[in-house]
Amino acid sequence: MTTTLEKPLRREIDVEGQPYTVVMDAQGLKITRKAHRRGIELKWADLINGDAAVAAALNASVGDEQG
């Protein structure tokens, strides 16, 4: 039996020596460098529909332009 995701679940991961925060909630997933606000967001519907790669690329390019 699985548990319904009712409130955000926050975990820290290490990617190539850099700490990141991963937050999962009912809408999707957000990965942000530790101590930063902007990150990559993926909605569950995009991931299921196969649009996740496009959404991630778009978020990354917009994030690069903003700073």
Side-chain angles (χ1 to χ4, degrees):
M1 186 188 279
T2 59
T3 303
T4 304
L5 187 58
E6 296 175 355
K7 56 185 176 179
L9 177 65
R10 181 180 303 265
R11 295 292 183 263
E12 183 176 320
I13 60 171
D14 181 78
V15 178
E16 298 180 353
Q18 294 290 324
Y20 285 83
T21 301
V22 178
V23 179
M24 286 191 337
D25 62 17
Q27 287 74 40
L29 176 73
K30 182 175 182 178
I31 302 174
T32 308
R33 252 179 60 196
K34 184 107 180 192
H36 289 78
R37 293 183 181 196
R38 294 185 210 150
I40 297 173
E41 295 185 48
L42 295 173
K43 295 184 191 266
W44 297 124
D46 292 340
L47 188 61
I48 291 168
N49 293 330
D51 296 334
V54 174
L58 180 60
N59 276 328
S61 68
V62 170
D64 288 342
E65 290 174 11
Q66 292 178 353

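FYI, side chains are in, hydrogens and waters are out, and symmetry mates aren't considered; it's all heavy atoms of this structure.
- Glu12 is linked by a salt bridge (charged side-chain N to carboxylate O under 4.0 Å, His left out) to Lys34, counting only residues two or more places apart in sequence or in another chain.
- With values rounded to the nearest 0.5 angstrom, Ile40 atom CD1 is found 13.5 Å from Arg38 atom CZ.
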Show me the donor-acceptor pairs, under 3.5 Å and distance only, between side chains in residues 14-33 and residues at least two apart or in other chains.
unit_1: Asp14; atom_1: OD2; unit_2: Gly17; atom_2: N; d: 3.4
unit_1: Asp25; atom_1: OD1; unit_2: Gln27; atom_2: N; d: 3.0
unit_1: Asp25; atom_1: OD1; unit_2: Gly28; atom_2: N; d: 2.9
unit_1: Lys30; atom_1: NZ; unit_2: Arg37; atom_2: O; d: 3.3

